[in-house]
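One structure is given here, and the rest of the page talks about it.
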Number of protein chains: 2
Amino acid sequence: MLDATASHSPKACARNIRQVPGRALPTTTGQRIVAEFARRTDTRYGNRPTMKDVAARAGVGLKTVSRVVNGEPGVTPDTERRVQEAIEALGFRRNDSARVLRKGRTASIGLVLEDLADPFYGPLSRAVEEVARAHGALLINGSSAEDPDREQELVLALCARRVDGLIVIPAGHDHRYLEPEIKAGVATVFVDRPAGRIDADVVLSDSFGGAREGVAHLIAHGHRRIGFIGDQPRIHTAVERLRGYRAAMEDAGLPVDERWVSLGSTDPARVTAAAEEMLSGPEPVTAVFAGNNRVTVTAVRLLAGRDVPVALVGFDDIELADLLGITVIAQDAAALGRTAAERLFRRLDGVSEAPAQVELTTKLLARGSGEVPPPGA
Amino acid sequence: MLDATASHSPKACARNIRQVPGRALPTTTGQRIVAEFARRTDTRYGNRPTMKDVAARAGVGLKTVSRVVNGEPGVTPDTERRVQEAIEALGFRRNDSARVLRKGRTASIGLVLEDLADPFYGPLSRAVEEVARAHGALLINGSSAEDPDREQELVLALCARRVDGLIVIPAGHDHRYLEPEIKAGVATVFVDRPAGRIDADVVLSDSFGGAREGVAHLIAHGHRRIGFIGDQPRIHTAVERLRGYRAAMEDAGLPVDERWVSLGSTDPARVTAAAEEMLSGPEPVTAVFAGNNRVTVTAVRLLAGRDVPVALVGFDDIELADLLGITVIAQDAAALGRTAAERLFRRLDGVSEAPAQVELTTKLLARGSGEVPPPGA
DNA sequence: TAGGCCCTGGACAACGTTGTCAGGGGAATG
DNA sequence: CATTCCCCTGACAACGTTGTCCAGGGCCTA
């Protein structure tokens, strides 16, 4: 029996939404309920047994239960067995909130990044998680969406949860709001971009050097008019990479026409417009340096459709870039995450050194697109 | 002045590791310390002000501070100002651990998935995060690495933290260990694969239907010998997709040679071996259906180097697949996450319905590789 | 002017756990 | 047999917050 609303919706019909008899659930497009189970009953929600309950059932004291749960010594095998049975029977699970309150440490760290859906941050986050796991800590993720206010909101929420440490990929430029937190003992490491107006550990890729190398690579292959398309100028890496571009051009004694340079959103439409601009006119660029993975993707799409081949080097590696023959400056996202997390945990382990800035080197991967010579060469 | 160890390491020299004078930090490959800041002093770590401190400073009662912090009514503007000033001055931040202990809700949910570095799970996780954010909750991530024990360990750790809800992409097949948790009120939704031996909400992609459609597509283009390379047989989606493959073959009245079918790890070596196997011999397959994104990537690499074109359809979309002309069965990872999270929060909002299984439809994206006709056709 | 009501503020207990400390009982020793 | 010592166990306070409840004071009304 179809739900009336659903059956009258052409969209729903077209996509063959079925519902089993019973409660009508709001379905979004393309969603189909294929089975329902028996209704759950007898649930006394939110009423978990505590150590006190376990103690009562096992006929022992509260502290003895605590000892068993934490594997502390000084409990007779027989007593331990009784306690274990009671735990089993009641389905007891220690409440870590209370534990945290008492002990002061949460065994969790926070990671604030730009967007977890970006293929650059997935591996970074995973690397952080692995290090955290090795130290017995859980990871709380948050995406700032490149919004400084949201970054701050997230960071402070994590501090309120009393994470032991923080790893932040900054969206904003002023992190003084973190000063009281850091003073209070929240270890903090910034990644990918430096912290703003605050002394803290920073782990970066060498954006300047990488971009310089990439552009020099294009110059070495004969290009003299090279375009640069980067992310928004308030993002540190975007500016550094542009600086690398300019340095390489200057190293080679090449002039830079400002129409070849474009910093702005990585939105495909914007990138396309910028590229079209620098590829038109009497003196078009013969090569493009793409400032990050999203720009590279758009550039590849765009350049693939052109008659005159345009050389391309991109910052950041991309999946399948080898098959497409895209030359890139690769940075190791996982290494960034790992390095930052290791630094963080060394701090948590009590190592107290001055905050430092660490840079990881990048690597040029020549795959074809960067070795295309300029037309007529 | 170089650290002795570093300067004697050829690798380090080659990669130009420099260190500023001062504390020698253990550096990993390609890591360079480019700056150090002044040593921090005067830190009384782990000694944060409490509401009591704020109250004392503001000359009010403890509860009044609580009221201000939580925006509760019943505080004179003047009193509120005094309290705010004290909060400001002391750098007070509410301890949510204590709050959680008192209130019983953590405003956080847990997400256990396979691997955050997998491009399929990044968008899924992000989608969950967005829904969580809309409900004022934080997200704790964990990667099970496809290991049932690790999954259980993670899930129980999250339960111990008293997350309000759980979203799990199962690695194991038996989730009875979750029964006490669910009974105790931890809302749980499974995604991508069904829960094992337990009644719970499940949100899936239509793996069976998707694979069937993909294979039918190959058959429609003239293929009669089609290979299937999938993930390990203990993974539900792998089995479902294989089932879809068999159904499509049967629909068309085509026999299936078991040498064309391979379930196993997605390790490139294994996939390559399996593909080589089914592409050799007197009656090689003329088309391959790849069971997930990792298999597809390996298959593309492998097939790109062959003389005789082999048709390919892959399950899961991949970045740049459009440029490479790879035909895929796309599932919407973000929609999976969003749907699951929305279901979860409806439960948390007190809606009590029977657990249900929801399926999202997939979409065939024809881009070329799946439309290659068999040789001689 | 007296009574009552509302508004503000604070004292206190409770959330579930862990650290401290002290008591009791059994074994070993004089 | 008495004493000492050690091992096991449990009572109690404390972690920092919020919910409950009550007191005091100001204002309005009869």
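Numbers restart at 1 for each chain; the letters A, B, ... are given by sequence-line order, proteins then strands.
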_Is the ring pair B/His135/B/Phe345 parallel, tilted or perpendicular, if the boundaries are 30 and 60 degrees?_
parallel

_Any side-chain N or O of B/Thr76 below 4.0 angstrom from OP1/OP2 of C/dT8?_
no

*When you look at A/Arg99 and A/Asn70, which way does the side-chain hydrogen bond (donor to acceptor under 3.5 Å, both in side chains) test go after all the steps?*
CA-CA 11 Å; A/Arg99 171 168 229 250; A/Asn70 294 294; 3.2 Å; yes

*Expressed in angstrom and rounded to an integer, what is the separation of A/Leu62 atom CG from C/dT20 atom P?*
16 Å

*Grab the CG-P distance between A/Asp78 and D/dC8 for me, whole Å please.*
13 Å

*Quick one: A/Lys63 NZ to D/dC7 P, roughly how many Å, whole number?*
18 Å

*Side-chain donor-acceptor pair under 3.5 Å between A/His175 and A/Glu151, yes or no?*
yes

*Using a heavy-atom distance cut-off of less than 4.0 Å, which residues of residues 92-106 of chain A contact DNA chain D?*
A/Leu101, A/Arg102

*asked:* Nearest to the side chain of B/Glu72, heavy atoms from C-beta on, is which of C/dG9, D/dC8, D/dG19?
replied: D/dG19

*Could you give the NZ-to-C1' distance, from A/Lys52 to C/dC15, as a whole number of Å?*
11 Å

*asked:* Measuring from the side chain of A/Thr64 (C-beta onward, heavy atoms only), which nucleotide among D/dG10, C/dT18, C/dG9 has the closest atom?
replied: D/dG10

*NA contact type, A/Val75, heavy-atom cut-off 4.0 Å: base, sugar-phosphate, or nothing?*
sugar-phosphate

*Between B/Ser143 and B/Asp115, do the side chains contain an N or O donor and an N or O acceptor separated by less than 3.5 Å?*
no

*Can you tell me if A/Glu114 and A/Ser144 form a side-chain donor-acceptor pair at under 3.5 Å?*
no

*In this structure, are over 12 heavy atoms from other groups packed under 6.0 Å from B/Glu88 atom CD?*
no

*Whole angstrom is fine here: how far is it from CZ in A/Arg48 over to C1' in C/dT17?*
15 Å

*At their closest point, which heavy atom of A/Pro355 faces which heavy atom of A/Asp201, and how far apart are they?*
CA-OD1, 3.3 Å

*Pick the nucleotide of DNA chain C nearest each of B/Pro73 and B/Arg162; which residue has the one closer to the 5' end?*
B/Pro73

*Presence of donor-acceptor pair under 3.5 Å, side chain of B/Arg67 and base of C/dG10*: yes

_Separation of C/dA13 P from B/Met51 CE (nearest whole Å)_ = 19 Å

*Whole-Å gap separating C1' (C/dT17) and CG (A/Asp53)*: 13 Å

*Where the side chain of A/Thr50 is defined as all heavy atoms beyond and including C-beta, which of C/dG16, D/dT17, D/dG10 is the nearest nucleotide?*
C/dG16

